[in-house]
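Here's the structure we're looking at; comments come further down.
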There are 2 protein chains.
Amino acid sequence: MVTIKDVAKHAGVALSTASYALSGSDKVSPKTRELVLQAAKELNYQKNGFAMDLKRKSTKTILLILSDLSGPYYSELIRGTQEVTLSNGFDLIACSSVGGADSTAYKFLQERRVDGAIVLDPNISEHLLRESAREGCPIVVMDRYVEGDFIMNVAADNVQGGYEATRYLIGQGHRDIAWIGGPSNSLGSQHRKEGYLKALQEEGIVNTKWMLVGNFTEEGGYHSTKVMLMQEERPTAIFYGNDEMAIGGYKALREFGLSVPEDVSIVGFDDIQVAEYLSPPLTTVRQPKYEMGTMAAHLVFQAMGGEYVNKSYKLKIELIERLSCQPPRLAPNRGKGMET
Amino acid sequence: MVTIKDVAKHAGVALSTASYALSGSDKVSPKTRELVLQAAKELNYQKNGFAMDLKRKSTKTILLILSDLSGPYYSELIRGTQEVTLSNGFDLIACSSVGGADSTAYKFLQERRVDGAIVLDPNISEHLLRESAREGCPIVVMDRYVEGDFIMNVAADNVQGGYEATRYLIGQGHRDIAWIGGPSNSLGSQHRKEGYLKALQEEGIVNTKWMLVGNFTEEGGYHSTKVMLMQEERPTAIFYGNDEMAIGGYKALREFGLSVPEDVSIVGFDDIQVAEYLSPPLTTVRQPKYEMGTMAAHLVFQAMGGEYVNKSYKLKIELIERLSCQPPRLAPNRGKGMET
DNA sequence: AAAACAAATCGAAACGTTTCGATAAATTTC
DNA sequence: GAAATTTATCGAAACGTTTCGATTTGTTTT
């Protein structure tokens with residue numbers, strides 16, 4: 001392995017001079033710089049980044065931790081963080097928490113390999129976050145709430161989202177509105193449900209029949225929907241915890257011979273790419289993912305600069321009306337399917 | 001910043017003993033290990049990963065370079081590489097080439113920050129690849145062909161894919177089959193076209209009218225399709241370079257009052273997630289993305305182990321029949337729209 | 001031509017680990 | 001209970017950089 005030492009020797013200069021030349025300092029004369037660069041090229045010298053970081057005590061990289069490097073959900077968010085990170089002259093790398101305590105995420109956080117992190121991943125424990133966040137490595141946590149020094153939070157206003165979606169359905173005349181939510185460890189899902197309940201409550205609607213949970217996957221939505229449809233009474237509308245579950249719902253409804261939106265209206269959450277191509281196109285709640293991404297990255301850099309920043313941000317969401325909802329066919333069957 | 005030195009002092013042992021204790025060596029007695037661990041906890045010690053890598057001369061990390069960290073295309077592929085990487089006890093991090101020569105990808109490759117790389121990104125120059133690949137850092141390049149020491153190639157058999165898709169259309173009775181391809185710097189697109197031409201040629205069909213290029217985006221497919229539809233004569237089928245372009249095509253056709261597949265049959269390429277939800281569901285060519293991902297990762301590890309491996313792999317593709325194709329409405333208008 | 005100054009180069013000390021070989025302590029063997 | 005052996009701890013060197021302060025070289029001023 002050829003090191004800077006070899007380059008220096010080959011160029012006939014001191015190691016330190018070679019270092020200056022290679023890093024483009026103006027302390028070195030043009031001709032020796034040329035000499036060193038030439039030597040480096042001849043020996044095919046490649047600098048060792050770690051040695052550099054070790055000395056410099058900073059890595060100029062931000063880590064983005066996702067629960068699942070794949071997944072349709074993240075695209076826009078990644079784009080946002082990437083743009084901001086790059087324009088600050090930093091690098092962005094992404095990894096997932098797959099593998100638990102042996103995961104890449106743990107390694108990078110614990111071993112101080114980055115200068116900051118953005119975490120969108122319920123699997124990373126609060127403990128690890130608090131332990132890893134520090135001067136020189138601020139952490140932004142998305143879609144959940146974690147308190148601690150050098151920890152900031154960014155989330156969509158899920159309560160508002162749940163509320164608006166439900167009000168929208170109520171506005172169309174629905175009163176029998178089901179909720180099929182995500183896993184209970186998801187704070188986002190909980191908040192959406194909270195907004196949903198708030199809207200129902202305002203209208204004096206009480207629903208104890210149609211509240212199920214799934215696991216944020218198509219599969220989960222499919223099964224929960226089926227379970228619900230096997231009951232005697234059916235809602236006129238279903239509000240899903242996310243779009244992927246709604247897709248599963250479409251499938252289950254079709255199998256039961258029910259059509260969307262004639263028999264049942266559907267609202268999803270997230271506005272993933274597929275949503276607009278479904279048939280019918282899915283009415284859903286869009287999270288400002290790009291903005292969340294840029295916001296998170298900005299916060300990291302502000303915190304690095306030592307600026308005081310608000311610890312917690314909530315971004316507004318937006319209801320996207322498509323064709324999966326319409327007023328219920330019959331006059332709302334008040335009193336049926338509801339209990340006090 | 002608390003270092004292992006501080007821990008050692010606090011525990012009243014030598015620096016080296018502390019190191020052994022922390023890394024779980026059995027050279028150290030249980031009670032001193034406890035002592036050191038306790039001290040580390042009290043001081044909130046976090047190890048510095050770089051110093052470790054520097055000494056150990058390996059990072060146990062594989063880098064995945066994508067042209068665009070986001071994008072629907074990659075999900076499965078990432079999943080494949082991730083599984084293999086993890087099960088080999090290595091870490092996987094992903095980054096993009098956004099930013100050109102200042103990009104994260106360049107930095108990680110050039111500065112020897114990883115033990116191997118998988119590259120699916122036309123923007124990374126062959127020069128950089130050859131320069132970076134070396135003993136101790138093999139590189140697998142996907143969807144293109146790069147020769148060099150410690151460089152291997154994995155790709156779907158795009159020629160076969162283009163050929164089968166076209167034969168499928170021909171089998172349904174189509175003879176006026178258009179090609180709307182991706183950018184010319186994409187080897188994949190070129191190969192698909194090659195397969196397409198081969199199939200046409202076997203039937204003695206010559207098409208000079210309906211061959212356009214786009215840029216692999218929905219936008220690109222939309223525009224190219226519009227341009228084509230403004231011509232006097234129209235094909236009875238269109239074969240798109242990828243699914244996203246086909247989606248754009250759907251849109252353009254709709255605007256022209258043409259319906260799929262009644263007026264025009266459509267075949268895409270890639271089988272992205274959306275494909276099956278389009279209306280009509282898109283017939284397309286599936287690349288074995290998961291398999292490509294696992295294959296790439298396996299190759300990296302084999303090369304690390306010094307095993308001799310074939311330099312180049314081609315994986316079989318598969319035609320996914322959905323509802324976007326049917327035999328042309330009229331008897332094939334032989335001779336029309338074709339020239340010799 | 002000596003003195004004063006600036007520019008270019010050098011040597012050596014860090015950065016925080018791991019690990020080798022040497023020493024000290026504890027255990028076993030005769 | 002001394003010698004031989006094992007076990008536990010230690011000191012120091014190394015990994016490949018950057019960077020400070022010192023030295024040398026070259027240029028200007030008197």
Side-chain angles (χ1 to χ4, degrees), chain A residues 1-37 39-40 43-61 107-108 110-115 134-137, chain B residues 1-40 43-61 107-108 110-115 134 136-137:
Chain A
M1 188 197 240
V2 31
T3 77
I4 202 172
K5 204 168 159 184
D6 303 314
V7 174
K9 195 183 296 173
H10 194 260
V13 300
L15 186 152
S16 47
T17 309
S19 172
Y20 286 129
L22 285 169
S23 53
S25 158
D26 54 352
K27 295 183 73 177
V28 79
S29 78
K31 61 177 179 294
T32 42
R33 164 174 303 130
E34 206 41 58
L35 210 66
V36 172
L37 259 40
L43 297 178
N44 190 25
Y45 167 73
Q46 292 180 289
K47 96 162 31 173
N48 182 318
F50 300 129
M52 195 179 92
D53 291 341
L54 179 57
K55 196 65 185 131
R56 290 239 181 102
K57 297 183 156 186
S58 100
T59 67
K60 293 215 132 201
T61 27
K107 173 167 153 183
F108 273 73
Q110 287 188 315
E111 297 181 358
R112 308 173 158 210
R113 289 167 183 276
V114 288
D115 288 350
R134 57 171 197 278
E135 174 94 55
C137 184
Chain B
M1 191 196 236
V2 30
T3 78
I4 202 172
K5 205 168 158 185
D6 303 315
V7 174
K9 195 184 296 175
H10 195 261
V13 299
L15 187 153
S16 47
T17 309
S19 173
Y20 286 130
L22 286 168
S23 54
S25 156
D26 55 352
K27 296 182 70 176
V28 79
S29 79
K31 62 175 179 295
T32 43
R33 165 175 300 130
E34 206 40 58
L35 211 63
V36 171
L37 260 41
Q38 180 58 32
L43 297 177
N44 191 25
Y45 166 73
Q46 291 180 289
K47 97 162 29 173
N48 182 318
F50 300 129
M52 194 178 94
D53 290 342
L54 178 56
K55 197 63 185 127
R56 289 240 182 99
K57 297 183 153 186
S58 98
T59 68
K60 295 213 127 199
T61 337
K107 172 167 155 184
F108 273 73
Q110 286 188 314
E111 298 181 357
R112 311 173 157 207
R113 289 166 183 279
V114 289
D115 288 351
R134 55 171 198 279
C137 184

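Owing to the predicted nature of the structure, the values given are computational and were not obtained by experimental measurement. In the text below, chain A, chain B and the rest are named by the order of the sequence lines, each starting its count at 1.
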Exercise for review: Go through the structure and list residues passing side chain to side chain donor-acceptor pair (under 3.5 Å) with Thr61(A), not counting sequence neighbours.
Suggested key: Thr59(A)
Review point. Does anything in residues 19-33 of chain A reach DNA chain D, meaning a heavy atom under 4.0 Å, and if so which residues?
Key: Ser19(A), Tyr20(A)
Practice item. Could you check if a side-chain atom of Tyr20(B) sits within less than 4.5 angstrom of a side-chain atom of Asp26(B), using non-hydrogen atoms only? Key: no
Exercise for review: Please list, by residue number, the residues of residues 3-12 of chain B whose heavy atoms come closer than 4.0 Å to an atom of DNA chain C; answer none if no residue qualifies.
Suggested key: Thr3(B), Ile4(B)
**Study point:** Heavy-atom closest contact (Val2(A) atom, Tyr45(A) atom, distance)
**Key:** O-CD1, 3.5 Å
**Study point:** Sugar-phosphate, base or nothing in reach of Glu111(B), heavy atoms under 4.0 Å
**Key:** nothing
Check your understanding: Got a second to check how far Asn48(B)'s CG is from Phe50(B)'s CZ, nearest 0.5 Å?
Key -> 6.5 Å
Practice item. Would you give the length of the straight line joining atom CZ of Arg112(A) to atom CD of Gln46(B), rounded to the nearest 0.5 angstrom? Key: 5.0 Å
Point to revise | 4.5 Å side-chain heavy-atom contact, Asp115(B) and Ser58(B) | key: yes
Review point. Hey, are Asp53(A) and Arg113(B) close enough for a salt bridge, meaning a charged N less than 4.0 Å from a carboxylate O?
Key: yes
Practice item. Kindly compute the distance separating NZ (Lys60(A)) from CE (Met52(A)), expressed to the nearest 0.5 Å. Key: 9.5 Å
**Study point:** Distance, nearest 0.5 Å, that separates CD of Gln110(B) from NZ of Lys47(A)
**Key:** 10.0 Å
**Study point:** Canonical and wobble pairing (Watson-Crick, G-U, under 3.5 Å) of DNA chain D, dot-bracket with |
**Key:** ||||||||||||||||||||||||||||||
Check your understanding: When you list every nucleotide of DNA chain D with an atom under 4.0 Å from a heavy atom of chain B, which one comes first 5' to 3', and which comes last?
Key -> dA8(D) to dG16(D)
For residues 3-18 of chain B, which side-chain donor-acceptor pairs fall under 3.5 Å, sequence neighbours excluded?
| residue | atom | partner | partner atom | Å |
| --- | --- | --- | --- | --- |
| Thr3(B) | OG1 | Lys5(B) | N | 3.0 |
| Asp6(B) | OD2 | Thr3(B) | N | 2.8 |

